[in-house]
Amino acid sequence: MGNVQVGDTIIERKIRYDSTLVEYSCRLLQSQNQKIVLFHIIQDSFTMIASQTKLTIPRGSYTIAYYWKDRPYNLYIWRDSNGQLLGCYFNIVKHTEMTDQFVSFKDLIIDILVLPNGDYYILDEDELPESLDKFENGFVRKALYSLTESIDSLLPLIISEAEKNYNHEGLLPWLKTD
């Protein structure tokens with residue numbers, strides 16, 4: 001990752017568990033050896049449902065997305081068009097790869113939705129092809145346990161870093177052009 005500059009286009013390539021690909025065009029915010037941070041404008045509104053809770057991410061909102069080579073998850077921080085935190089979303093993943101053109105990862109189905117008040121919900125366990133204990137030889141269960149144990153200390157630090165390093169006013173030009 002040597003020739004990319006802040007603002008360059010990077011493709012996020014999610015490899016679903018069934019091997020289908022989903023790609024999004026993003027802009028580079030930061031690139032380090034083990035971490036990359038991307039920006040993406042939400043083109044189509046979508047709603048996450050967890051238990052009795054619904055979270056809608058409207059069109060024109062945006063994502064600050066964190067990816068790490070050495071962690072079994074990535075993180076999306078969603079803000080509305082005024083910069084207000086809407087929620088966060090962890091994907092349990094493996095095989096995160098970063099190049100000058102793309103960030104790719106294998107999505108391991110299980111996700112965690114976190115509301116602005118800190119409440120969180122584990123999603124999609126019903127979609128697993130086998131029990132959580134057996135799925136991916138226990139890798140997902142272990143990653144999920146580790147993440148839920150540290151989420152209350154980890155997430156506020158990352159949100160604070162994102163607000164400091166990628167403040168809403170600094171992103172306004174991209175919101176107007178993308």
Side-chain angles (χ1 to χ4, degrees), residues 9-27 29 36-68 71-94 96 102-129 131-132 135-136 140-141 143-145 147-148 150-152 154-163 166-168 171-172 174-178:
T9 298
I10 302 275
I11 300 299
E12 181 206 65
R13 180 175 297 146
K14 172 167 74 171
I15 305 164
R16 289 189 173 138
Y17 203 72
D18 66 4
S19 296
T20 58
L21 296 180
V22 181
E23 293 187 342
Y24 294 97
S25 181
C26 303
R27 287 182 181 239
L29 290 171
I36 191 167
V37 184
L38 300 179
F39 169 89
H40 174 73
I41 292 183
I42 305 300
Q43 302 294 338
D44 297 303
S45 176
F46 63 93
T47 300
M48 309 287 306
I49 299 173
S51 185
Q52 301 301 311
T53 303
K54 279 184 170 182
L55 174 64
T56 297
I57 308 300
R59 176 185 164 93
S61 301
Y62 60 94
T63 305
I64 307 289
Y66 282 75
Y67 310 85
W68 296 270
R71 296 184 190 183
Y73 55 84
N74 56 35
L75 169 65
Y76 301 135
I77 299 171
W78 290 314
R79 295 183 191 161
D80 69 15
S81 59
N82 297 314
Q84 288 298 113
L85 179 67
L86 296 172
C88 299
Y89 190 81
F90 287 95
N91 285 308
I92 304 294
V93 303
K94 68 179 182 181
T96 300
F102 66 86
V103 173
S104 122
F105 58 91
K106 177 142 187 174
D107 186 356
L108 296 178
I109 302 172
I110 297 291
D111 307 303
I112 302 175
L113 174 65
V114 187
L115 301 178
N117 67 6
D119 290 350
Y120 65 86
Y121 302 89
I122 297 168
L123 305 178
D124 303 330
E125 196 169 347
D126 59 320
E127 296 179 19
L128 294 179
S131 75
L132 183 59
F135 183 59
E136 288 287 314
V140 174
R141 182 188 52 74
L144 183 62
Y145 176 79
L147 187 52
T148 56
S150 63
I151 202 167
D152 290 338
L154 173 75
L155 188 56
L157 291 174
I158 299 173
I159 290 172
S160 176
E161 174 190 302
E163 288 173 352
Y166 319 113
N167 68 57
H168 181 69
L171 298 173
L172 283 175
W174 290 355
L175 288 168
K176 291 182 171 85
T177 60
D178 282 357

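Note that the structure is a prediction, hence the values are computed from the model and not measured.
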If we only count heavy atoms from C-beta on, is the [X] to [Y] side-chain gap below 4.5 Å?
X      : Y      : result
Leu108 : Glu136 : yes
Ile112 : Val114 : yes
Ile64  : Leu29  : yes
Ile11  : Ser25  : yes
Pro58  : Leu86  : yes
Ile158 : Leu154 : yes
Trp68  : Leu75  : yes
Cys26  : Thr9   : no

Applying ring pair (Phe, Tyr, Trp, His ring centres under 6.0 Å), can you list everything that pairs with [X], at least two apart in sequence or on another chain?
X      : answer
Phe90  : Tyr73
Tyr17  : Phe135
Tyr145 : none

*More than 12 foreign heavy atoms under 6.0 Å from OH of Tyr166: is that the case here?*
yes

Any residue meeting side-chain hydrogen bond (donor to acceptor under 3.5 Å, both in side chains) with [X], in chain and number order, not counting sequence neighbours:
X     : result
Thr20 : Asp18
Thr96 : none
Thr56 : Thr47
Tyr89 : Asp111

[X] side, atom [atom1]; [Y] side, atom [atom2] - distance, nearest 0.5 Å:
X      : Y      : atom1 : atom2 : answer
Ile10  : Ser104 : CD1   : OG    : 12.5 Å
Leu113 : Leu55  : CG    : CG    : 5.5 Å
Ile92  : Ile110 : CD1   : CD1   : 8.0 Å
Leu157 : Asp152 : CG    : CG    : 11.5 Å

*Before giving the answer on side chain to side chain contact (heavy atoms under 4.5 Å, CB included), spell out for Arg27 and Leu38 the whole-Å C-alpha distance, their side-chain angles and the decisive distance to 0.1 Å.*
CA-CA 5 Å; Arg27 287 182 181 239; Leu38 300 179; over 6 Å; no

*Where is the tightest heavy-atom contact between His168 and Arg79, given as atom of each residue plus distance?*
N-NH1, 3.8 Å

*Between Gly60 and Ser81, what is the shortest heavy-atom contact and its length?*
O-CB, 3.7 Å

*Ser61 side chain vs Ile57 backbone, donor-acceptor pair below 3.5 Å*: no

For [X], which residues count as a salt bridge (Lys or Arg N to Asp or Glu O under 4.0 Å) partner, sequence neighbours excluded?
X      : result
Glu12  : none
Arg141 : Asp133
Arg13  : Glu23

May I have the list of side-chain donor-acceptor pairs in residues 119-129 shorter than 3.5 Å, sequence neighbours left out?
residue : atom : partner : partner atom : Å
Asp119  : OD2  : Asn117  : ND2          : 3.3
Tyr121  : OH   : Thr53   : OG1          : 3.0

*Asp107 with Lys14: basic N within carboxylate O range, under 4.0 Å*: yes

*I would like to know whether Cys88 and Ile159 meet side chain to side chain contact (heavy atoms under 4.5 Å, CB included); could you show each step before the answer?*
CA-CA 9 Å; Cys88 299; Ile159 290 172; 3.7 Å; yes

*Would you call the rings of Tyr62 and Phe39 parallel, tilted or perpendicular, where under 30° means parallel and over 60° means perpendicular?*
tilted

*Starting from the C-alpha separation in whole Å, work towards a yes-or-no answer on side-chain hydrogen bond (donor to acceptor under 3.5 Å, both in side chains) for Glu161 and Tyr66.*
CA-CA 11 Å; Glu161 174 190 302; Tyr66 282 75; 3.0 Å; yes

*Who pairs with Ser19 by side chain to side chain contact (heavy atoms under 4.5 Å, CB included), at least two apart in sequence or on another chain?*
none

